[in-house]
Amino acid sequence: MRALAVTCGTVVAFLATVTPVWAASTPGPATMRAALADPLEKDFTEQAMGTSASLLQGPFDAATYAQSAASDVKSRASLLLALHQYGFVTGYGRNWYKSRRSELMEELLMVFASDWGAQTTASSSKSTYASDPTTQSFFDPQLMYGAYGLTVNEGGYHWTVVIFTKGNDMFVIERGAPSDYPTSQATAQARQMFDVAPARFDVRDQSPLGFIGPNFRLIAIGALVVMLMTACAIAVVLFVVFSRQQEQP
């Protein structure tokens with residue numbers, strides 16, 4: 001029994017770190033681009049694709065996003081693992097600037113295999129922002145349940161970020177200015193994005209796990225707990241029977 005318990009505990013710990021990866025059909029670049037709203041402020045100029053390696057421009061995959069968002073190898077590996085675990089499928093980015101690049105704006109669309117994946121990623125991002133020393137404060141953009149905004153100060157440059165989900169998709173708007181937080185502009189742009197965005201993208205899960213994918217770890221751990229409880233019950237019965245046999249003359 002002790003050996004069985006140790007073995008089951010080891011397997012449970014392993015399954016807790018297993019990343020369920022499943023293949024899915026992906027929306028095309030033109031479809032994703034159309035889901036991101038054009039700027040409300042007409043004096044923005046869109047950044048041409050391929051002109052900056054540090055920006056997410058056009059379609060991107062999980063590895064490209066991790067490379068852009070994380071600063072070191074360990075953080076990139078952790079982020080990449082989380083994206084696969086949450087069922088990230090594909091993404092698309094658009095970037096704009098005003099004259100002399102004094103004011104910037106970025107919009108991101110991240111498509112997941114399920115609503116759970118988009119919502120979990122948004123929630124995890126909020127926790128990450130909360131522990132970042134550059135984050136100044138959070139606010140409610142009043143878009144939908146779970147949407148949130150925040151202000152970030154990076155070396156004196158002021159960013160306002162708004163994140164919301166819609167179906168199986170997560171949307172991010174980042175609006176930056178040198179003198180003050182452009183919160184009203186970012187919030188207005190986020191509302192425009194929310195109106196333009198489709199209810200969801202049709203991403204068909206092509207794996208044998210199907211809908212089980214996001215809940216794979218819980219199901220596996222639950223099955224192992226049931227197995228362990230059954231083994232304990234059998235051990236107790238055997239112990240009682242053996243004890244009674246020893247008591248007989």
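We use all heavy atoms of the structure for the numbers below, so side chains are in, but hydrogens, waters and symmetry mates are not.
For A69, the side-chain contact (heavy atoms from CB on, under 4.5 Å) partners are Y65, L79, not counting sequence neighbours. Residues that satisfy the side-chain contact (heavy atoms from CB on, under 4.5 Å) test with S78, not counting sequence neighbours, are absent from this structure.
A side-chain donor-acceptor contact under 3.5 Å links S137 and T151. No hydrogens or angles considered: a donor-acceptor pair under 3.5 Å links the side chains of Y86 and S124.
Here L83 contributes atom CG and M110 contributes atom CE; the two are 5.0 Å apart, rounded to the nearest 0.5 Å. T45 OG1 to Y97 OH: the interatomic distance, rounded to the nearest 0.5 Å, is 5.0 Å. With rounding to the nearest 0.5 angstrom, the CH2 atom of W159 is 13.5 Å from the OG1 atom of T135. Remark: L108 CG to L56 CG distance equals 5.5 Å, nearest 0.5 Å. Taken from CZ in F88 to CG in L80, the straight-line distance is 10.0 Å, to the nearest 0.5 Å. Rounded to the nearest 0.5 Å, atoms CZ (F164) and CD (Q142) are 15.0 Å apart.
With I163 as the fixed residue, the side-chain contact (heavy atoms from CB on, under 4.5 Å) test singles out one of M170, E174, K126: M170. The residue from V161, T160, I173, V162 that alone fulfils the side-chain contact (heavy atoms from CB on, under 4.5 Å) condition with P141 is V162. Partner of L36 under the side-chain contact (heavy atoms from CB on, under 4.5 Å) criterion, out of M193, Q192, E106: M193 alone.
Although no hydrogens or angles enter the test, the distance criterion places a donor-acceptor pair under 3.5 Å between the side chain of T120 and the main chain of W116. At distances below 3.5 Å, not a single donor-acceptor pair connects side-chain atoms of S68 with backbone N or O atoms of T64. Panel note: side chain H158, backbone N153; no donor-acceptor pair is recorded below 3.5 Å. Side chain of Q57 to backbone of A48: a donor-acceptor contact under 3.5 angstrom is found. In this structure, K166 contributes its side chain and R200 its backbone to no donor-acceptor pair below 3.5 Å. With Y148 contributing its side chain and A122 its backbone, the two residues share a donor-acceptor pair below 3.5 Å.
The salt bridge (charged side-chain N to carboxylate O under 4.0 Å, His left out) pairs that include a residue from residues 78-99 are D38-R94, E41-K98, D43-K98, E46-R94, K98-E103, where partners are two or more places apart or lie in different chains. Sorted pairs that involve residues 178-198 and meet salt bridge (charged side-chain N to carboxylate O under 4.0 Å, His left out), not counting sequence neighbours, are lacking altogether. Residue pairs satisfying the salt bridge (charged side-chain N to carboxylate O under 4.0 Å, His left out) criterion with at least one member in residues 68-90, sequence neighbours excluded, are absent. Listed by first then second residue, pairs satisfying salt bridge (charged side-chain N to carboxylate O under 4.0 Å, His left out) with a partner in residues 127-154 number zero, not counting sequence neighbours.
Side-chain heavy atoms closer than 4.5 Å link hydrophobic residues (I, L, V, M, F, W, Y) into clusters, and following such links, even through other members, never connects L150 to Y145.
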